[in-house]
Amino acid sequence: MSVIPTVRAPAPLKVPAVAERTLASGLRVLAVRRASVPVVELRLRIPVGESEAKSGARKADSAADKARLAATTLLAETMLTGTADRDRGQLASELQRLGAGLSANIDSDRLAIVGSVLAPNLKALLGVLTEVIHGASYPRREVSGEQERLVAELAIARSQPAVQAREALLSRLYGRHPYAVELPEPAALQRVTAKQLRALHGETVSPAGAVLTLVGDLRPQAALDAVEESLTGWSGRKAKALPELPKHVAGGVTIVDRPGAVQTNIRLGGPTLSRTAPNYAALQVANVVFGGYFSSRLVNNIREDKGYTYSPRSSIEHVSCGSRFVVAADVATQVTGPALLEILYELGRVTLLPLEDDELVAAKRYAAGTLALSTATSAGLASILSMLAGVDLGPDYLREHSAALGRVDAQAVAAVAGQFAPSGLAAVLLGDASVITGPVQAIRPLPADRG
């Protein structure tokens with residue numbers, strides 16, 4: 001008979017020394033030595049926020065918002081397609097020669113340039129980054145090609161029920177705030193010109209409030225010196241902050257009709273505690289217990305016991321203006337009502353009843369273990385430090401949060417359990433309204449002004 005070994009408690013998280021310098025331009029630079037492999041990871045995080053034209057005079061859901069989302073999306077996709085000195089192929093060849101890679105992505109909060117390079121070639125990669133920052137040219141041919149590709153990808157993405165359900169939930173939570181929409185409209189994307197991208201680059205790609213993080217086989221002070229030398233002359237204004245989130249309106253169910261659908265995509269969400277809240281660690285543990293990992297109550301109930309769905313889950317998502325708790329489950333149409341009832345039951349159980357000792361211990365160890373794993377590689381550590389710096393949290397947060405997870409007890413979880421109350425969440429169901437409306441209405445009323 002085999003014996004399952006006891007899982008040891010995670011060791012205290014070790015946080016490496018971080019050298020830091022703020023340049024005259026406002027760029028913060030972090031450098032961490034981790035010499036296990038001869039590679040340096042690079043993360044440049046630039047806040048984007050609102051455009052100058054929109055700040056202070058926002059018109060909700062305007063054409064300007066849609067145009068900006070399309071333009072910023074295309075900006076990230078085409079930033080590395082050419083500079084004043086090199087075309088796309090030449091840039092790619094230079095990166096290959098250096099044993100390096102660079103990519104860019106963007107959302108409502110930040111533009112991220114992500115890269116890695118063989119350690120001896122860090123200074124040369126900084127030179128390429130500087131070339132892109134100062135001279136990205138957005139060639140018309142490249143812009144046109146990326147537009148066609150993105151429009152095709154958007155058509156595929158928007159046909160996916162999971163994407164439609166997420167968009168519906170975000171729209172329900174945020175109304176006409178920029179967070180309500182994550183994907184641009186194809187028509188708006190097609191209207192963006194190379195000239196507009198060059199102007200947007202000048203407005204958006206600014207060092208003010210930006211953070212450059214370097215982790216790997218480097219000498220921290222020498223790396224800081226190399227950054228300061230390479231990026232001298234980069235200037236710009238800090239992006240305007242996004243508007244405050246609208247007041248949350250909880251309760252009810254919004255049904256988005258998908259005639260003939262054989263599956264219903266169930267989504268619930270609402271605002272929750274931020275990372276800096278004193279009891280955030282307890283909230284994270286409670287989320288793990290409810291639906292944050294494979295041994296959660298939600299999985300055991302509607303997957304293992306009842307077979308309603310394959311991968312139900314819950315998560316805490318962080319954005320600059322706030323944090324949200326999200327529940328997701330995709331179920332067969334005929335069990336929509338029972339599945340929703342069980343989700344609400346499990347939310348109520350976490351809200352009202354104390355956790356069992358064994359599930360509390362398991363959830364704490366899972367949360368602490370995943371935190372340790374996320375910082376175990378240079379790439380993971382660079383990403384986490386960049387993210388934390390972007391919300392004004394230092395590396396000590398990692399140690400403090402790890403210790404806080406270890407201190408969480410049943411009383412601490414009970415103190416934050418109200419964050420899971422079903423009455424405080426908004427619900428969106430994407431499915432065949434003719435089939436699911438009756439069973440859902442019997443469980444949770446449909447608002448007269450929605451659905």
Trainee: For Y397 and R275: C-alpha separation, side-chain torsions, deciding distance, then whether side-chain contact (heavy atoms from CB on, under 4.5 Å) applies.
Mentor: CA-CA 10 Å; Y397 174 85; R275 288 189 187 91; 3.4 Å; yes
Trainee: Under 4.0 Å between a Lys/Arg side-chain N and an Asp/Glu carboxylate O for D396 and R399?
Mentor: yes
Trainee: Within the 4.5 Å heavy-atom criterion, are S296 and F290 side-chain neighbours or not?
Mentor: no
Trainee: Considering all heavy atoms of both residues, which atom of A157 and which atom of L183 are nearest to each other, and what is their separation?
Mentor: CB-CD1, 4.3 Å
Trainee: Please give me the minimum heavy-atom distance between A100 and V117, naming the atom from each residue.
Mentor: CB-CG2, 3.6 Å
Trainee: If you apply the rule side-chain contact (heavy atoms from CB on, under 4.5 Å), what do you find for T264 with L430, and how did you get there?
Mentor: CA-CA 5 Å; T264 300; L430 177 76; 5.9 Å; no
Trainee: Quick check: does any side chain N or O of K238 sit under 3.5 Å from a backbone N or O of A208, one acting as donor and the other as acceptor?
Mentor: no
Trainee: Do the non-hydrogen side-chain atoms of V211 and L30 ever get within less than 4.5 Å of each other?
Mentor: yes
Trainee: Can you check whether S311 reaches R313 side chain to side chain, under 4.5 Å on heavy atoms?
Mentor: yes
Trainee: T437 side chain to S434 main-chain N or O, any donor-acceptor pair under 3.5 Å?
Mentor: no
Trainee: When you measure from the side chain of W234 to the backbone of V205, do you find a donor-acceptor pair of N or O atoms at a distance under 3.5 Å?
Mentor: yes
Trainee: Answer with yes or no whether the side chains of E41 and S378 bring together a donor and an acceptor at under 3.5 Å.
Mentor: no
Trainee: Can any side-chain N or O of R172 pair as donor or acceptor with the backbone N or O of G269 at less than 3.5 Å?
Mentor: no
Trainee: For the side chain of H201 and the backbone of I133, is there at least one donor-acceptor N/O pair under 3.5 Å apart?
Mentor: yes
Trainee: Just by distance, do the side chain of S386 and the backbone of A382 share a donor-acceptor pair under 3.5 Å?
Mentor: no
Trainee: Can R303 be said to sit on top of Y310's aromatic six-ring, NZ or CZ under 6.0 Å from centre and within 45° of the ring axis?
Mentor: yes
Trainee: Does the side chain of E142 pick up a donor-acceptor pair with the side chain of T78 at under 3.5 Å?
Mentor: no
Trainee: Under 3.5 Å, is there a donor-acceptor pair linking the side chains of T309 and D330?
Mentor: no
Trainee: Using 0.5 Å steps for rounding, measure from the OG1 atom of T213 to the CD1 atom of I384.
Mentor: 11.5 Å
Trainee: Determine, step by step, whether E317 and R166 satisfy the salt bridge (Lys or Arg N to Asp or Glu O under 4.0 Å) criterion, reporting the C-alpha distance in whole Å, the side-chain angles of both residues, the deciding distance to 0.1 Å, and the verdict.
Mentor: CA-CA 13 Å; E317 301 176 359; R166 180 170 175 83; 3.2 Å; yes
Trainee: Could you walk me through whether L200 and T72 pass the side-chain contact (heavy atoms from CB on, under 4.5 Å) test, one step at a time?
Mentor: CA-CA 8 Å; L200 183 61; T72 54; 3.9 Å; yes
Trainee: For F325, run the side chain to side chain contact (heavy atoms under 4.5 Å, CB included) check against L283, T272, L273 and tell me which one passes.
Mentor: T272
Trainee: For E346 and I343, indicate whether the former's side chain and the latter's backbone hold a donor-acceptor pair under 3.5 Å.
Mentor: no
Trainee: Please report the shortest heavy-atom distance between S315 and N287, naming the atom on each side.
Mentor: N-OD1, 3.6 Å
Trainee: Once you measure the plane-to-plane angle for Y293 and Y366, does it fall in the parallel (<30°), tilted (30-60°) or perpendicular (>60°) bin?
Mentor: tilted
Trainee: Rounded at 0.5 Å granularity, tell me how far CG in L212 sits from CG in L42.
Mentor: 5.0 Å
Trainee: For a quick check under 3.5 Å, do E342 and N301 share a side-chain donor-acceptor pair by atom type?
Mentor: yes
Trainee: Short question: side chain of K364, backbone of V408 - any donor-acceptor pair under 3.5 Å?
Mentor: yes
Trainee: Which atom pair, heavy atoms only, marks the closest approach of P243 to P178?
Mentor: CG-CD, 4.2 Å
Trainee: Report yes if the side chains of Y179 and D109 come closer than 4.5 Å at any heavy-atom pair, otherwise no.
Mentor: yes
Trainee: Before accepting this row, confirm whether a basic side-chain N of the pair E182/R158 lies closer than 4.0 Å to the acidic partner's carboxylate O.
Mentor: no
Trainee: Is the shortest distance from a Lys or Arg side-chain nitrogen in E146 or R141 to a carboxylate oxygen in the other one below 4.0 Å?
Mentor: no
Trainee: Does atom CD of Q334 have more than 12 heavy-atom neighbours, drawn from other residues, nucleotides or ligands, at distances under 6.0 Å?
Mentor: yes
Trainee: Show, in sequence, the C-alpha distance, side-chain angles and deciding distance for H401 and L13, and conclude whether the side-chain contact (heavy atoms from CB on, under 4.5 Å) test is met.
Mentor: CA-CA 9 Å; H401 184 59; L13 188 65; over 6 Å; no
Trainee: Decide whether R297 and Y345 meet the rule of one side-chain donor and one side-chain acceptor closer than 3.5 Å.
Mentor: no
Trainee: Identify the two heavy atoms, one from A70 and one from P184, that lie closest to each other, and give their separation to 0.1 Å.
Mentor: CA-CB, 3.7 Å
Trainee: Decide yes or no for P395 and L385: does some side-chain heavy atom of the first lie under 4.5 Å from some side-chain heavy atom of the second?
Mentor: yes
Trainee: Are more than 12 heavy atoms, taken from residues, nucleotides or ligands other than K306, located less than 6.0 Å from that residue's NZ atom?
Mentor: yes
Trainee: Aromatic contact between Y280 and H318, with the criterion being ring centroids under 6.0 Å apart: yes or no?
Mentor: yes
Trainee: Between N105 and R110, does the side chain to side chain donor-acceptor pair (under 3.5 Å) criterion hold? Intermediate values first, please.
Mentor: CA-CA 8 Å; N105 61 80; R110 90 291 179 271; 2.8 Å; yes
Trainee: For A433, does its backbone N or O pair with a side-chain atom of D257 as donor and acceptor, under 3.5 Å?
Mentor: yes
Trainee: Is R149 salt-bridged to E77, cutoff N-O under 4.0 Å?
Mentor: yes
Trainee: Answer yes or no: is there a side-chain heavy-atom contact under 4.5 Å between T22 and V29?
Mentor: no
Trainee: Can you tell if the side chain of T193 reaches within under 4.5 Å of the side chain of R140, non-hydrogen atoms only?
Mentor: no
Trainee: Rounded at 0.5 Å granularity, tell me how far CZ in R43 sits from OG in S383.
Mentor: 3.5 Å
Trainee: Distance-only, no hydrogens or angles: does the Q147 side chain make a donor-acceptor pair with backbone N or O of L189 under 3.5 Å?
Mentor: yes
Trainee: Can you see whether T333 engages D432 through a side-chain donor-acceptor pair at a distance of less than 3.5 angstrom?
Mentor: no
